[in-house]
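All remarks here apply to the structure that follows.
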There are 2 protein chains.
Amino acid sequence: MHYTIGEAAKRLGVAPSTLRYYDKEGLLPFVERSPGGVRLFRDADFKWLNIIECLKKTGMPIRDIRTYIDLCFEGDHTVAARQALINKQRQAVLAQMAQLQQTLSILDYKHWYYEQAKALGGCGAMGTLSPDAVPEEHRAAALLLQRANKE
Amino acid sequence: MHYTIGEAAKRLGVAPSTLRYYDKEGLLPFVERSPGGVRLFRDADFKWLNIIECLKKTGMPIRDIRTYIDLCFEGDHTVAARQALINKQRQAVLAQMAQLQQTLSILDYKHWYYEQAKALGGCGAMGTLSPDAVPEEHRAAALLLQRANKE
DNA sequence: GATAAAGTTAAAGTTCACTTGAACCGTACC
DNA sequence: GGTACGGTTCAAGTGAACTTTAACTTTATC
């Protein structure tokens, strides 16, 4: 059983042009063609497409994803290199998550801030609040917004 | 005390051209000018720049950040709208973190997979592994890579 | 075999977020 | 006041990741 590019695109939730672009960039060396030149996506190919989707979600650029795919097709002597690449991306994801966690704490503080502002009838009244009126769980975030940067 | 655009850029760890770009896009309506037209960044302005940096880290586009800044300068009647915007972004961050968590589990599985491949002397041998040779903690991730998409 | 829908390529266009270049101006120091 | 450094604007350029267009071919159905 096989899928045309339109069917595969629908299954993946992307535009057919996106898959053609990926192919042109060398991300889909595994996709075969019909005698007439039409791309044939096999079930097994979706395993690859899922990996590509996963790496894309980590923010990895197309070029680096290609490097990984290329390594996969170069045989067993690249296993260590592939693992290293996966580990590097794992570290990048952990860093992103830590960053998002900090960002989230700031958004939570802002939510609290506006809740107070609504209660006090405006942002002007917020200035009159003593610094220890900020609940403990928002102190760190409040500081992040005020602090001097990268000094 | 005030900073020139170059000093402010250094403190924030960005290029001066980036700040000029943000200004042109309406992200810095609070920055004043010298009589000669030179931008003067005050200490208070860095509070704003930190918020911009924070929103940018959530992946919010410049246009939407501008909307938020604009709301802030429209007075107290926009407090609820600002809070709604912050909440929306909070949800977006939570979704991103959930996505990264899933991605991380796949990268962890891949790490395990290559560890096995190294031990067995190649990826070919991995096919001979029975499905329940996959440790419990990696089963879900392995499924994510095999499963049919968006059906 | 005709037709329509969907496939193919190559090249150009789009959007986003900056960056660079050209020409010019403001500020600080000697 | 002259010089150098860094500021200003506007327009054009960049790179990433697609998308669109044009011209043409393949494939499925009648």
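As the structure is a computational prediction, the values presented were derived from the model and not from experiment. Proteins come first, then strands; the chains are lettered A, B, ... in the order of their sequence lines, and each starts at number 1.
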| Any side-chain N or O of B:Arg63 under 4.0 Å from OP1/OP2 of C:dC16? | yes
Result block: side-chain N/O donor-acceptor pairs under 3.5 angstrom for residues 105-113 of chain B, not counting sequence neighbours:
from     : atom 1 : to       : atom 2 : distance (Å)
B:Ser105 : OG     : B:Gln102 : O      : 2.7
B:Asp108 : OD1    : A:Arg90  : NH1    : 2.5
B:Asp108 : OD2    : A:Arg90  : NH1    : 3.3
B:His111 : ND1    : A:Asn87  : OD1    : 2.9
B:His111 : ND1    : A:Asn87  : ND2    : 3.4

| Hey, does the side chain of A:Arg39 come within less than 4.0 Å of C:dG7's phosphate (OP1/OP2), counting only N and O? | no
Under 4.0 Å from OP1 or OP2 of D:dG6: is there any side-chain N or O of B:Thr4 that close? no
Within a reach of under 6.0 Å around NZ of A:Lys118, are more than 12 heavy atoms found that belong to other residues, nucleotides or ligands?
-> yes
From NZ of B:Lys10 across to C1' of D:dC5 the rounded distance in Å is 13 Å
Result block: side-chain N/O donor-acceptor pairs under 3.5 angstrom for residues 21-31 of chain A, not counting sequence neighbours:
from    : atom 1 : to      : atom 2 : distance (Å)
A:Asp23 : OD2    : A:Arg33 : NH2    : 3.4
A:Asp23 : OD2    : A:Arg39 : NH1    : 2.5

**Prompt:** Is the ring centre of B:Phe73 less than 6.0 Å from the ring centre of B:Trp48?
**Reply:** yes
For nucleotides 23-27 of chain C, which of its nitrogen or oxygen atoms have a protein nitrogen or oxygen under 3.5 Å away, and what is each distance?
from   : atom 1 : to      : atom 2 : distance (Å)
C:dT27 : OP1    : B:Ser34 : OG     : 3.1

Hey, does the side chain of A:Arg33 come within less than 4.0 Å of C:dT9's phosphate (OP1/OP2), counting only N and O? yes
| side-chain contact (heavy atoms from CB on, under 4.5 Å) between B:Phe46 and B:Arg11: does it pass, once the steps are laid out? | CA-CA 9 Å; B:Phe46 288 92; B:Arg11 177 164 159 181; 3.6 Å; yes
Whole-Å distance, A:Phe41 CZ to C:dA6 C1', equals 14 Å
Separation of C:dC18 atom C1' from B:Leu27 atom CG, nearest Å, is 13 Å
From CZ of B:Arg20 across to P of D:dA11 the rounded distance in Å is 16 Å
In whole angstroms, the gap separating C1' of D:dA17 from CG of A:Leu19 amounts to 13 Å
Next on the checklist: What's A:Pro16 touching, base or sugar-phosphate or nothing? Going by heavy atoms closer than 4.0 Å.
Outcome noted: nothing
Rounded to whole Å, the CG-P distance (A:Asp64 to D:dA17) equals 9 Å
_For B:Glu136, is there an ion pair with B:Arg139 - N to carboxylate O distance below 4.0 angstrom?_
yes
Identify all pairs in which a protein N or O lies below 3.5 Å from an N or O of nucleotides 18-21 of chain D, and state each distance.
from   : atom 1 : to      : atom 2 : distance (Å)
D:dC18 : OP2    : A:Tyr22 : OH     : 2.8
D:dC18 : OP2    : A:Lys56 : NZ     : 2.7
D:dT19 : OP2    : A:Ser17 : OG     : 3.2
D:dT19 : OP2    : A:Thr18 : OG1    : 2.4

Between CD of B:Glu53 and P of C:dC18 the distance, given in whole Å, is 11 Å
A:Glu7 CD to C:dA6 C1', in whole Å, measures 10 Å
Discussion item. For B:Arg82, is there an ion pair with B:Asp70 - N to carboxylate O distance below 4.0 angstrom?
Written reply: no
Sorted by chain and residue number, the salt bridge (Lys or Arg N to Asp or Glu O under 4.0 Å) partners of B:Glu7 (sequence neighbours excluded) come out as none
A:Arg20 meets the side-chain hydrogen bond (donor to acceptor under 3.5 Å, both in side chains) criterion, sequence neighbours left out, with none
